Structures are given as structure tokens and as C-alpha cells.
J.: 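Got a structure for you, written out below as C-alpha cells; questions coming shortly.
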Amino acid sequence: MTAPLAALVGSTPDTVYERQRSLVRAGLLQLAGRGRGGGTKATPKNLALLIIAFLASDSPSDAGARTKIIATLKPTIKRCNYTGQSSFVNSVSWILENGFDDYHRYPSFIEVSRDEF
């Protein structure tokens, strides 16, 4: 999962791996096992967390704590207008899993402001 995600976010597999480790230490991701192939499963929610980790911080060392804050943010209304989800990570996960059939009706990007930390 690290190489394709690294290409997507313009990074290296090693940097993705460090983010993954930071999220495991923060209790956001669970390892599937030990050794080669024993990382985290490539589920929509796990991928959403890794993407949020890149949006949350340039530094892998504080990515876990910042991701935890951003991932659990709630919309100002009860649920997201676009996905119907009740948290940011669930909305990003929903987008990864379902996509948008009518992309003209939905946002074309996700933006995270780091100034609020």
C-alpha cells in the first residue's frame, strides 16, 4: 500500500511507512501482523487516515496527534452535506469507498488548515 500512496501524495514509500507507524503509535491504525506484508490493511478508513496524516503535518513525529484531532472533527451540522457522515475521517473514507457519480455536484478537493493548532 505504501508505494501507490506515496506516488499519490508526492512522497516516498519510506515517508508513508513513517506516517503509518506514527498512526499506529497514536492508536489510530492496527497492524495486521509482523514482518513483510504485516502492515495495516488497505481499507478505505485506513487510507483516509493516512491521507489525513499527510494533510495534517509535514512531520511524521507529530502526524499521529494532529491526525487524531482532524480525523474526529465533526461538521458544523449533524452530518456532512455531501457524504452523510458524522466525522471528517468517515467522510474521506466514504469518498474513497464510493466515489461520486455526479462529480459536478460535489467538492473537487479536500483542504485542511493547520493554523488552528
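Worth saying up front: this structure is predicted, and the values here are computed from it rather than measured. What's counted below: heavy atoms across the whole structure, side chains too, no hydrogens, waters or symmetry copies.
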J.: Would you check if Val24 and Gln30 make a side-chain contact, meaning some heavy-atom pair closer than 4.5 Å?
T.: no

J.: If you take all heavy atoms of Glu18 and Pro60, which pair is closest and at what distance?
T.: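 Minimum heavy-atom separation between Glu18 and Pro60: CB-CB, 4.0 Å.
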
J.: Donor-acceptor pair, distance only, cut-off 3.5 Å: does the side chain of Asn98 make one with the backbone of Trp94?
T.: yes

J.: Does one side chain, of Ser93 or Asn90, offer a donor that lies under 3.5 Å from an acceptor on the other?
T.: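 Asn90 and Ser93 do not have a side-chain donor-acceptor pair below 3.5 Å.
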
J.: Can you tell me how far apart CD1 (Ile70) and CG (Leu49) are? Round to the nearest 0.5 Å.
T.: 11.5 Å

J.: Nearest 0.5 Å, please: how far is CG in Leu23 from CG in Leu28?
T.: 5.5 Å

J.: Ignoring hydrogens, what is the shortest heavy-atom contact between Thr83 and Ser91? Give both atom names and the distance.
T.: OG1-OG, 3.0 Å

J.: With rounding to the nearest 0.5 Å, note down the distance linking CD1 in Ile52 to OG in Ser57.
T.: 13.5 Å

J.: To the nearest 0.5 Å, what is the distance between CD1 on Ile95 and CD1 on Ile51?
T.: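 CD1 of Ile51 is found 9.5 Å from CD1 of Ile95.
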
J.: Specify the closest pair of heavy atoms between Arg79 and Gly84, including all atoms of both residues, with the distance to one decimal.
T.: CD-O, 3.0 Å

J.: If we ignore hydrogens and angles and just use 3.5 Å, is the side chain of Ser22 paired with the main-chain N or O of Gly64 as donor and acceptor?
T.: yes

J.: Are the side chain of Lys68 and the backbone N or O of Ala26 linked by a donor-acceptor pair below 3.5 Å?
T.: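 Judged by distance alone, yes, a pair lies under 3.5 Å.
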
J.: Looking only at heavy atoms, what is the nearest atom pair of Ala42 and Leu47, with distance?
T.: O-CD1, 4.3 Å

J.: Mind checking the CZ-OG spacing from Arg19 to Ser11? Nearest 0.5 Å is all I need.
T.: 7.0 Å

J.: Treating Ile, Leu, Val, Met, Phe, Trp and Tyr as nodes and any side-chain heavy-atom pair under 4.5 angstrom as an edge, say whether Leu5 and Tyr17 lie in one connected cluster.
T.: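 No, separate clusters.
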
J.: Got a donor-acceptor contact below 3.5 angstrom from the Thr72 side chain to the Ile69 backbone?
T.: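 Between the backbone of Ile69 and the side chain of Thr72 there is a qualifying donor-acceptor contact (under 3.5 Å).
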
J.: Using distance alone, with no hydrogens and no angle criterion, decide if Ser59 and Ser61 have a side-chain donor and acceptor under 3.5 Å apart.
T.: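 Yes - a donor-acceptor pair under 3.5 Å links their side chains.
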
J.: With rounding to the nearest 0.5 Å, note down the distance linking CG in Leu50 to CD in Gln20.
T.: 6.0 Å

